[in-house]
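In this chain, numbering begins with 1 at the start of the sequence shown.
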Amino acid sequence: MSGPAGGTARAATTTDVVCLGESMVTFLPSQPGRLADVPSFGRGIGGAESNVACALAAAGHRAAWVGRVGADGFGDHLVETIGGYGVDTSAVRRDPVRPTGIYFRTATDRGAGAHEVAYYRAGSAASAMSPANVPYEEVFAGRVLHLSGITAALSADCLELLRELTAPRPGRPLVSFDVNHRPHLWRGGPDDASVLLELARRADLVFVGEDEAEEAWGIVGAEAIRAVLPEPSVVVVKRGSAGATVFSGLRPGPRSSNAGEAETVTPVPALRVDVVAAVGAGDAFAAGFLSATLRGLPVRDRVRHGHLMAAAVLTVPGDLTEPPARDHADRLVALDDEAWGRLRLGPGWTAADRAPEEVRTP
């Protein structure tokens with residue numbers, strides 16, 4: 001296979017999902033409080049795309065992560081830890097000059113006013129990803145290629161890479177794009193709103209939160225979001241505690257073979273969850289939705305699997321956790337609407353091997 005200019009079709013593959021993006025070593029606080037007051041930190045990993053890859057691999061899928069890390073101990077830790085989840089890391093490249101990115105965060109919710117994050121990623125190995133140094137055969141080797149708007153914000157080269165990967169080409173895998181708007185990453189760079197809209201409109205499947213759509217594009221409501229994203233065949237609008245609304249089906253336009261076919265709009269309520277830490281939930285939701293998509297499940301069930309995967313992460317302190325067993329998740333997804341609405345999941349629920357009605361917490 002040639003690079004981006006070649007446009008040749010990809011070969012047959014046994015990989016389900018390839019996730020490309022930056023992963024960093026995360027330092028988690030030993031106690032609540034300001035970064036200035038926290039005495040020590042535990043080490044973990046963080047990165048939207050690698051989080052998705054790890055969750056998919058833990059759920060039994062063949063997932064690969066493509067990234068760039070430094071030739072340092074932190075790079076070793078990332079590759080070994082992500083690989084430990086069963087993710088194929090053979091396409092990860094080591095940069096002999098640039099370091100692996102790291103960051104520190106407080107224990108509070110990302111949306112809280114007291115939340116602090118200190119990033120040390122400027123000039124990182126991942127920011128040097130470009131169309132010239134990414135292994136295209138590995139990137140296009142899966143049934144799905146999962147990307148996010150975070151990568152586009154890292155550097156001009158990374159943005160050009162995202163434009164290449166989302167460009168129409170023969171044999172392109174299904175491109176999944178999580179908007180993941182992070183305003184602090186775009187300061188002094190290009191116009192984040194137009195860039196993210198451009199990339200999202202070139203994808204096949206888009207994940208976007210109502211809050212980030214309002215922040216980035218000034219758009220309010222799921223219908224308005226779909227109106228500015230007419231091209232993707234599936235748009236998943238995440239609505240926080242209200243759940244998610246999915247727009248799916250063929251629409252009139254350049255990608256539709258049946259112009260005029262009615263689109264399906266599927267709202268799915270969220271679960272009640274006893275939250276331990278609100279980090280990594282969006283990545284987990286994407287992994288759950290992609291997992292169910294790969295299995296060919298109905299749209300409602302795809303969203304419910306996304307909610308369950310997110311609930312697994314929300315009930316642990318870090319960004320990653322072991323997902324519920326597939327048969328366990330399938331039993332919960334199959335509940336009728338009333339029973340689904342009664343569910344309330346707390347810490348430890350993923351280990352339960354019980355009837356669905358017994359998963360509720362008091």
Side-chain angles (χ1 to χ4, degrees), residues 10-26 28 42-69 73-94 100 126 134-135 137-148 173-174 176 178 279-297 302 305-306 308-330 333 348-353:
R10 61 196 172 97
T13 179
T14 58
T15 302
D16 291 323
V17 182
V18 175
C19 302
L20 178 145
E22 180 176 34
S23 189
M24 295 180 291
V25 173
T26 310
L28 308 173
R43 185 177 65 176
I45 65 170
E49 300 84 2
S50 59
N51 284 348
V52 172
C54 289
L56 284 166
H61 295 282
R62 295 161 297 191
W65 172 57
V66 178
R68 194 172 182 88
V69 300
F74 288 145
D76 293 341
H77 177 65
L78 284 174
V79 173
E80 292 167 6
T81 303
I82 294 169
Y85 279 87
V87 176
D88 180 356
T89 59
S90 61
V92 176
R93 298 296 186 257
R94 309 300 291 261
T100 302
V134 163
E137 287 191 7
E138 288 88 345
V139 171
F140 291 128
R143 295 167 59 190
V144 177
L145 171 61
H146 181 70
L147 308 167
S148 94
L174 185 148
S176 166
D178 192 334
V279 291
D283 305 329
F285 178 91
F289 190 95
L290 288 172
S291 173
T293 299
L294 289 164
R295 297 170 61 197
L297 299 184
R302 299 178 193 185
H305 274 285
L308 288 170
M309 196 81 87
V313 169
L314 287 169
T315 50
V316 298
D319 290 27
L320 292 167
T321 189
E322 189 72 20
R326 181 173 291 184
D327 60 346
H328 181 192
D330 284 344
V333 165
W349 75 269
T350 58
D353 188 16

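- The shortest distance between side-chain heavy atoms of Arg68 and Val92 does not fall below 4.5 Å.
- Taking CG of Asp16 as the reference point, atom CG of Leu290 lies at 10.5 Å (rounded to 0.5 Å).
- You'll find the side chain of Phe74 stays beyond 4.5 Å of the side chain of Val69, heavy atoms only.
- Counting heavy atoms from C-beta on, the side chains of Val18 and Val66 come closer than 4.5 Å.
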ask   = Stepwise, does the side-chain contact (heavy atoms from CB on, under 4.5 Å) test hold for Val313 with Leu320?
value = CA-CA 6 Å; Val313 169; Leu320 292 167; over 6 Å; no
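- With rounding to the nearest 0.5 angstrom, the CD atom of Glu22 is 8.5 Å from the CH2 atom of Trp65.
- When atom types are taken as modelled, the side chain of Thr100 and the backbone of Gly75 share a donor-acceptor pair closer than 3.5 angstrom.
- For the residue pair Gly83 and Thr89, the shortest heavy atom distance occurs at N-CG2, 3.9 Å.
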task = Take Val25 and His77 through the test side-chain contact (heavy atoms from CB on, under 4.5 Å) and record every step on the way to the result.
result = CA-CA 8 Å; Val25 173; His77 177 65; 4.1 Å; yes
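- Counting heavy atoms from C-beta on, the side chains of Arg94 and Asp76 come closer than 4.5 Å.
- When all heavy atoms are compared, the tightest approach of Met309 to Ala287 is CE-C, 4.3 Å.
- The shortest side-chain heavy-atom distance between Glu322 and Thr350 does not fall under the 4.5 Å cut-off.
- Considering OG of Ser50 and NE2 of His146, their distance stands at 10.0 Å, rounded to 0.5 Å.
- Residues Leu174 and Leu145 fail the side-chain proximity criterion, which asks for heavy atoms closer than 4.5 Å.
- Looking at every heavy atom in both residues, Ala310 comes nearest to Ala281 through CB-O, 3.6 Å.
- Here the CG atom belonging to Asp178 is positioned 11.0 Å from the SG atom belonging to Cys19, to the nearest 0.5 angstrom.
- The closest side-chain heavy-atom distance from Arg62 to Thr14 is below 4.5 Å.
- Taking all atoms of both residues into account, the shortest heavy-atom contact from Thr26 to Gly46 is OG1-N, 3.1 Å.
- Every residue two or more places apart in sequence or in another chain was checked for a salt bridge (Lys or Arg N to Asp or Glu O under 4.0 Å) with Arg43, and none qualifies.
- Distance CZ/Phe140 to OG1/Thr15: 14.0 Å, rounded to 0.5 Å.
- The two residues Val87 and Ile82 have their closest heavy-atom pair at CB-O, 3.5 Å.
- Contacts classified as salt bridge (charged side-chain N to carboxylate O under 4.0 Å, His left out) and involving residues 283-296 (residues at least two apart or in different chains) are given here: Arg295-Asp330.
- Exactly one of Arg302, His305, His61 qualifies for a side-chain hydrogen bond (donor to acceptor under 3.5 Å, both in side chains) with Ser291. That residue is His61.
- Residues Pro323 and Ala58 approach most closely at CD-CB, 3.5 Å, considering heavy atoms.
- We find the CZ-CG distance between Phe285 and Leu308 to be 10.5 Å, quoted to the nearest 0.5 Å.
- Of the possible polar contacts, none joining the Thr81 side chain to the Leu78 backbone as a donor-acceptor pair under 3.5 Å is found.
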